[in-house]
Amino acid sequence: MLKRIHILILFMSVLLICSDLQIVLAQELDEMSIYHLPAKWETQNGNVVNLSDFKGNVLVAVMIYTSCKMACPVLIGEMKNIEASVKKKATGDIKYILVSIDPERDTPERLKKISQDYDMTGEQWVFLRGNEETTRDFANLLAVKYRQISPKDFSHSNIISVFDKGGILVHQREGLNVDSEETIDQIVTLLNTKE
Amino acid sequence: MKRLCWYCFLYISSLSVLHSVCAADVASLNGGKYVPLYGAKSGEEITVRSFSLQTTPVTHEAYLQFVRTHPEWRRSKVKRIFAEKSYLQDWTSDLKIPPGRKKSPVTHVSWFAAKAYCKSKGMRLPLLKEWEYAAMASTEKFDARQDPEFTRSILAGYETPKTYLKEVKHDPPNIHKVYDLHGLVWEWVDDFNSVIISGESRNDGDKGLFCAAGAVGATDLANYAAFMRYAFRSSLKAHFALKNLGFRCAKDKE
């Protein structure tokens, strides 16, 4: 009888190891993962990060620039609304990422200031700036269009993108003052998904 | 010893041949000013700095060399996020270019792939304003956009099917000594995603889509050929790999 239990335990532990192994394998990057982008970014705190440092988080990303007077405040407001609604419905690892389309002007200090002005100082808020090339790469992965129209102004698409924990784009919401319900539902679903 | 010298000689001569080939493949363009179809502000002149541009689109032959040395850009290895499924679709395998197209422009390449190719050559993709600057020249004029014959011949090229099968240097070069800017394939530019055309099929006149949307407009709608190029670029995404879309590389002038 005891022997049988031993064998059973052995069998179960083998199963456990196997399922662990499966998780490890599943963690290998999908071909469509945004984490294939090798670029380095500076945060609002002056730290240098890789996008892949966020692996394991649900990502909600938007592109903005700090001297923007028109659409960006609206976009930032919408990010805040999304964050507030999601928080009520689900918990889990999530980052809200605001990437600058004006890397020349948007220094970490300026990003820091805007994060304080908008009361976005929690750990879930990440402001990033790259260089001209990495910014264009990132925008192109998100299909975000932008062009500089004056020294201080950009014309750009207003797109909020949602990525799963492996960095795969699963949802985009385009436009200003668009209903965010679907976006929120998507994020909540992703947060509740175990890998 | 004799043999060693012989090898050295061979090596040096092959280098110089290679060098001259490379030098001949790049045209040097003096900078200038022009009013583009879509400027920052409509009707405003923009400045292009002097730059170098490959005289022809990158050929299958040249791209094959690239994928030989950069396996991550072979058809079977490329990451889907950087190139859609149709990437190098006409190739018969990873290292076999489509038969009979050695000297024709490589197409079915994504923006990410084109960019990586240029980087490997110490170059970059041309900016939109550079490409258009080079492409507004005819065989005789630096700016032939008001030339009805010039526009007509470009449009005729757009209407001809399967021009991507043609070999490069098909027609005489323009005044900058650059070939095939029109007539063979469309070409990637670095900042293709800066083309924003608003007010058409999308909902509510795009006011909800773009910040400062009103600032973007066409200055010269009569230039229908350029309009087609802008419209085409605005429809692209960086992972697209289309059969009539190739590229060439550029470089800042030292």
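Letters go in sequence order (proteins before strands), and every chain restarts at 1.
- How far CZ of B:Phe112 is from CG of A:Leu141: 4.0 Å, rounded to the nearest 0.5 Å.
- Heavy-atom neighbours of A:Glu104 CD from other residues, nucleotides or ligands within 6.0 Å: at or below the threshold of 12.
- The contact list for residues 76-87 of chain B toward chain A, using heavy atoms and a distance under 4.5 Å, reads B:Val78, B:Lys79, B:Arg80, B:Ile81, B:Phe82 by residue number.
- Going from atom CG of B:Asp191 over to atom CD of A:Gln148 covers 11.5 Å, rounded to the nearest 0.5 Å.
- At most 12 non-hydrogen atoms from other residues, nucleotides or ligands lie less than 6.0 angstrom from CD of A:Glu181.
- Heavy-atom neighbours of B:Arg49 CZ from other residues, nucleotides or ligands within 6.0 Å: at or below the threshold of 12.
- Contact annotation for A:Leu169: neither backbone nor side-chain heavy atoms come within less than 4.5 Å of a heavy atom of chain B.
- To the nearest 0.5 angstrom, B:Arg124 atom CZ is 11.5 Å from A:Glu133 atom CD.
- Within the 4.5 angstrom heavy-atom criterion, only backbone atoms of A:Val144 (N, CA, C, O) approach chain B.
- Interface residues of residues 75-100 of chain A toward chain B, defined by a heavy-atom distance below 4.5 Å: none.
- When the shell of 6.0 Å around CD of A:Gln116 is examined, it contains more than 12 heavy atoms from other residues, nucleotides or ligands.
- For the atom pair B:Leu236 CG and A:Lys145 NZ, the distance stands at 7.0 Å (nearest 0.5 Å).
- Inter-residue side-chain proximity for B:Trp111 and A:Arg136 is flagged as met; some heavy-atom pair is nearer than 4.5 Å.
- Residue B:Lys243 qualifies as open at atom NZ: its count of foreign heavy atoms under 6.0 Å is 12 or below.
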